[in-house]
**Q** 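Mind having a look at this structure? Questions to follow.
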There are 2 protein chains.
Amino acid sequence: MLPAQPNQSLIDGLACLHALAASPAALGSRELARLLEFEPTRTNRLLKTLAHLGLAEQDEKRKYRVGPAIHVLGVESLHTSGFIDRAVEVLKGLDGEHLTVAMGVLWQDVVCYLYHQYPSHTDGGTVRHRPVPASTSGLGLALMAQMSDDELRALYAVRSGAQRDGPTGLLEQVADARRQGYALFAAGGGERTIAIVLGGSLHAAIGVSGIFPDGDIPGLVSDLRSAAAQITETG
Amino acid sequence: MLPAQPNQSLIDGLACLHALAASPAALGSRELARLLEFEPTRTNRLLKTLAHLGLAEQDEKRKYRVGPAIHVLGVESLHTSGFIDRAVEVLKGLDGEHLTVAMGVLWQDVVCYLYHQYPSHTDGGTVRHRPVPASTSGLGLALMAQMSDDELRALYAVRSGAQRDGPTGLLEQVADARRQGYALFAAGGGERTIAIVLGGSLHAAIGVSGIFPDGDIPGLVSDLRSAAAQITETG
DNA sequence: GTCGTTAGGTGCTACTGTAGCAACACTTTG
DNA sequence: CAAAGTGTTGCTACAGTAGCACCTAACGAC
């Protein structure tokens, strides 16, 4: 995973960018240096470099925030390789009358939605949903089922340092998902999610959420698998 | 703009990332090195570093493509500072029955849409639209009207090398937008866009597009200005 | 199957891009 | 207003980086 010779400047520059993206307010360069425990001059140079690239910018108080090029990069990323575009078209056709349809990817312990469509059709496949903790998402469960228990433990050991095995019951839920070939997650309020991972090396999952009787599960799983097959077929 | 001491590793690492994001297919490390005219070992290390951060990943043929963390970064960027979230709420309320509503930012010579809502309400404020050439977008015109003619010339000299003044008539269109305080762009097929920039240091524009008579223009401009005021008020 | 070519990636070490110190101008706070 | 904090620069030492030589893996042609 880690290369023989990682580039520390790139790592630290991107740490600055990520801190800006995650901050609810613009950050001063020394403030960011303190936050990340970097030397101030260095931080300023990394930020200025990011600003030169349009990925960051300064506000009228000279504080730094993300810049327009990050949006260009984010949007371009949605269109690269083609699988996401293809998936969006397939998932549009998966619309149930009363279910939310979603697709997402897992990174560390969060799920990031790349497609999310409420039954009301009001969010049109938006990618505007904030990343959520993977353990609170059916898609996250499905994706984590592709990891070994040791990998999961390592993930949560780093992350929270308090719950070695991740949130209570997670390993059992993940084991169920592995056994069944799909994740069934009780989201609360009677709502549940069924999710499966896409094949190949895509590391994405698709799922449907809402209120449905147990008897609907096999059919929904079948629909998801059919959609997954369409998404992953060579294009 | 360029700091006294830019960090070249960060610049080149991000060039690799951008090339992946912009590529329709996954790229081998040497292939990317040739594309960017970088030394292969260095390229491999930059890519491996990006992969370690989750911003890139390898497919089953060991070729590189963007990784899940880039989507997390992209989505977080939409939520940072709050102005975009605030704008989305305001723009939802701007819905005309027959007009497309949009918001975007300018980076180099492209406009990237951060909100885009068709009259049919089927895209739900999506950010899925690919960036478009700024000169083909009313929002782009409005944003370019904030730049000097020299800045515009410099932008297009670098970009296309063939049209020093940008696309034909661009400077005139931009001058009109400056004079009027809004951009009016004829998109074709009878469709037009009216766009204005948001105040402060936000570098974003909002606009409405569709078919409307000249007599509607003042009212639409007024609606846009009212929306802009709501978006930029202190929050 | 073999062979040749291209690929992704590593270890070593020279070197140059980067980092930190000292300093400056600017901004904010009390 | 003065003091404190800020964003940023120039200089130069040095350590992170780059490139060479090499390895293993993968692919395509025969």
Side-chain angles (χ1 to χ4, degrees), chain A residues 1-17 19-20 23-67 80-81 200-201 203 234, chain B residues 1-17 19-20 23-67 80-81 200-201 203 234:
Chain A
M1 183 58 80
L2 195 61
Q5 199 176 300
N7 188 301
Q8 200 60 45
S9 284
L10 182 55
I11 290 168
D12 294 344
L14 287 165
C16 291
L17 184 58
L20 293 185
S23 172
L27 296 168
S29 64
R30 292 191 187 223
E31 186 181 359
L32 183 58
R34 288 194 297 272
L35 183 67
L36 298 177
E37 295 178 3
F38 288 175
E39 197 274 328
T41 310
R42 180 158 185 264
T43 307
N44 180 268
R45 289 184 177 133
L46 292 172
L47 285 172
K48 277 285 190 185
T49 300
L50 291 172
H52 170 61
L53 298 174
L55 294 167
E57 67 183 4
Q58 288 176 279
D59 67 14
E60 60 287 332
K61 296 187 178 184
R62 300 189 300 174
K63 287 175 184 288
Y64 288 88
R65 64 191 176 207
V66 293
T80 191
S81 302
S201 57
H203 303 312
T234 313
Chain B
M1 183 58 84
L2 196 63
Q5 202 175 300
N7 188 301
Q8 199 60 43
S9 285
L10 182 55
I11 289 169
D12 294 345
L14 287 165
C16 290
L17 185 58
L20 292 186
S23 173
L27 296 169
S29 63
R30 291 190 189 222
E31 185 180 3
L32 184 57
R34 288 192 298 271
L35 184 66
L36 298 175
E37 294 178 3
F38 287 175
E39 198 275 328
T41 311
R42 181 158 183 263
T43 307
N44 181 269
R45 290 187 177 128
L46 292 172
L47 285 172
K48 278 286 191 187
T49 300
L50 292 171
H52 169 59
L53 298 174
L55 293 167
E57 68 183 4
Q58 286 177 280
D59 67 15
E60 60 286 332
K61 296 188 179 184
R62 300 190 300 173
K63 288 177 182 288
Y64 288 88
R65 64 190 178 205
V66 293
T80 191
S81 301
S201 58
H203 305 309
T234 315

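Chain letters run A, B, ... following the sequence lines, proteins first, then strands; residues in each count from 1.
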**Q** Between C:dC12 and A:Gln5, counting only base atoms on the nucleotide and side-chain atoms on the residue, is there a donor-acceptor pair under 3.5 Å?
**A** yes
**Q** Has the side chain of B:Arg45 got a donor or acceptor that lies under 3.5 Å from a partner of the other kind on the base of C:dG11?
**A** yes
**Q** Is the shortest side-chain N/O distance from A:Thr41 to OP1 or OP2 of D:dT8 below 4.0 Å?
**A** no
**Q** May I ask you to verify if any side-chain N or O of A:Lys48 is less than 4.0 angstrom from the OP1 or OP2 atom of D:dT8?
**A** yes
**Q** With nearest nucleotides of DNA chain C determined for B:Pro40 and B:Gln8 from heavy-atom distances, which residue corresponds to the more 5′ nucleotide?
**A** B:Pro40
**Q** With a 4.0 Å limit, can you tell me whether A:Tyr64 has a side-chain N or O closer than that to the phosphate oxygens OP1/OP2 of D:dT8?
**A** yes
**Q** Check whether the side chains of A:Thr49 and B:Asn7 place a donor and an acceptor atom closer than 3.5 Å, and report yes or no.
**A** no
**Q** Let me check the geometry of the helix from C:dG1-D:dC30 to C:dG30-D:dC1. What is the bend angle between the axes at its two ends, five pairs each, to 10°?
**A** 60°
**Q** Is the count of non-hydrogen atoms from other residues, nucleotides or ligands lying under 6.0 Å from A:Glu37 atom CD greater than 12?
**A** no
**Q** Over all strands shown, is A:Gln58 touching base, sugar-phosphate only, or nothing at heavy-atom distances under 4.0 angstrom?
**A** sugar-phosphate
**Q** What nucleotide among C:dG20, C:dC12, D:dG7 has an atom nearest to a side-chain atom of A:Arg62?
**A** D:dG7
**Q** Under the 3.5 Å rule, do the base of D:dG5 and the side chain of A:Arg34 count as making a donor-acceptor pair?
**A** no
**Q** The test is side-chain contact (heavy atoms from CB on, under 4.5 Å); show your working for B:Lys48 and B:Gln58 and say whether it passes.
**A** CA-CA 9 Å; B:Lys48 278 286 191 187; B:Gln58 286 177 280; 3.4 Å; yes
**Q** Look at the side-chain N and O atoms of B:Asn44 and state whether any lies under 4.0 Å from the OP1 or OP2 oxygen of D:dA18.
**A** no
**Q** Considering every strand and a 4.0 Å limit on heavy-atom distances, what is the contact class for B:Ser29: base, sugar-phosphate, or nothing?
**A** sugar-phosphate
**Q** Closest heavy-atom contact between B:Ser9 and B:Leu46?
**A** O-CD2, 4.1 Å
**Q** Between B:Gly28 and A:Ala4, name the one whose nearest nucleotide on DNA chain C is closer to the 5' end.
**A** B:Gly28
**Q** With a cut-off of less than 4.0 Å, is there a side-chain N or O of A:Arg30 near OP1 or OP2 of C:dT27?
**A** no
